[in-house]
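Structure, as structure tokens:
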There are 2 protein chains.
Amino acid sequence: MKMHNPPHPGEVLRELCIDPMGLSITEAAEALGVSRKTLSAILNGHAGISPEMAVRLSLAFGTSSESWLNQQSQYDLWEAEKKRKSLKVRKLSAV
Amino acid sequence: MKMHNPPHPGEVLRELCIDPMGLSITEAAEALGVSRKTLSAILNGHAGISPEMAVRLSLAFGTSSESWLNQQSQYDLWEAEKKRKSLKVRKLSAV
DNA sequence: TAACCCGTAACGTTATACGTTACAGTTCAT
DNA sequence: ATGAACTGTAACGTATAACGTTACGGGTTA
């Protein structure tokens with residue numbers, strides 16, 4: 001019940017890692033072992049952080065893979081919750 | 001550092017909700033508003049719990065969507081971590 | 001035996017994470 | 001100042017996965 005419109009994880013990645021370290025997309029993408037396009041898409045909100053990417057970020061930046069993937073989950077869930085009222089689901093009661 | 005080979009969320013769903021309530025896949029799928037195939041795939045580990053499915057489960061069973069999606073994240077991450085050593089990533093040091 | 005319900009396999013559709021290539025804008029060296 | 005090198009992103013193609021529809025084999029029951 002604490003969710004507050006979480007920012008896209010790509011924003012966080014840029015503001016917490018890329019920008020402070022003065023990295024270009026090209027440099028960071030090379031270090032992560034992915035294409036410039038892949039990283040660019042994440043930073044611009046056109047792609048999410050995949051489980052494998054979370055591990056890559058963990059290796060490159062020394063953070064926990066869990067924290068990156070959880071951020072993505074919270075973001076995805078926030079989007080999915082917007083449709084909650086429009087979903088046709090019948091409540092199942094215990095016995 | 002606490003991860004212990006998490007079970008597939010479909011197993012948990014079956015053991016915690018479907019079985020105890022004596023529901024068939026057909027009944028549960030209908031209540032959730034998805035096809036029998038979709039629920040069957042999840043319960044047998046052939047599909048994961050999507051963000052939208054997490055919200056559906058939340059509506060049908062009165063649980064939190066977050067808990068379902070987090071379970072899936074932990075499972076996906078466990079799988080991704082298996083490849084950690086084979087990923088070619090260069091560590092980026094601060095300054 | 002026939003009608004019915006159940007779970008799952010087969011097939012098609014759509015979305016997304018990835019790479020390769022191509023392109024427009026900068027910077028820099030000649 | 002003109003050409004080379006680099007940067008970020010758009011365009012296009014591929015693979016995987018979540019979904020629905022349909023079809024099928026195995027029970028139960030009338």
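Worth saying up front: this structure is predicted, and the values here are computed from it rather than measured. Sequence lines set the chain letters: A, B, ... in the order given, protein chains first and strands last, and positions in each chain run from 1.
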d([atom1], [X]; [atom2], [N]) in whole Å:
X     : N      : atom1 : atom2 : value
A:L57 : C:dA17 : CG    : P     : 14 Å
B:E52 : D:dA17 : CD    : P     : 19 Å
A:R36 : C:dG25 : CZ    : P     : 16 Å
B:M53 : D:dA18 : CE    : P     : 10 Å
A:H46 : C:dC18 : NE2   : C1'   : 16 Å
A:I42 : D:dT9  : CD1   : C1'   : 14 Å
B:E79 : D:dT16 : CD    : P     : 15 Å
A:L39 : C:dC18 : CG    : P     : 10 Å

B:K85 atom NZ, over 12 foreign heavy atoms within 6.0 Å: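 It does not: B:K85 NZ has 12 such atoms or fewer within range.
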As a test of reading the structure: which of [options] is closest to the side chain of [X], going by heavy atoms?
X     : options               : value
B:A47 : D:dG8, D:dA18, C:dC6  : D:dA18
B:S50 : D:dT9, C:dC11, D:dA18 : D:dA18
A:K37 : D:dA11, D:dT9, C:dC6  : D:dA11
A:V34 : D:dA18, D:dT7, C:dG19 : C:dG19

Phosphate contact ([N] OP1 or OP2) by [X] side-chain N/O below 4.0 Å:
X     : N      : answer
B:N44 : C:dG7  : no
A:S35 : C:dT20 : no
A:S40 : D:dT9  : yes

Short N-O contact, A:E11 and A:R14, less than 4.0 angstrom: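 No.
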No-hydrogen, no-angle side-chain donor-acceptor test under 3.5 Å, B:R84 and A:S58: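 A donor-acceptor contact under 3.5 Å links the two side chains.
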Pair B:T63, B:W68: side-chain N/O donor-acceptor within cut-off below 3.5 Å: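 There is such a pair (donor and acceptor under 3.5 Å, judged by atom type) between the side chains of B:T63 and B:W68.
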5'-most by nearest nucleotide on DNA chain D - A:R14 or B:T38: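 The residue whose closest nucleotide sits nearer the 5' end is A:R14.
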B:N70/B:Q74 under side-chain hydrogen bond (donor to acceptor under 3.5 Å, both in side chains): CA gap, chis, key distance, verdict: CA-CA 6 Å; B:N70 279 344; B:Q74 293 308 308; 5.9 Å; no
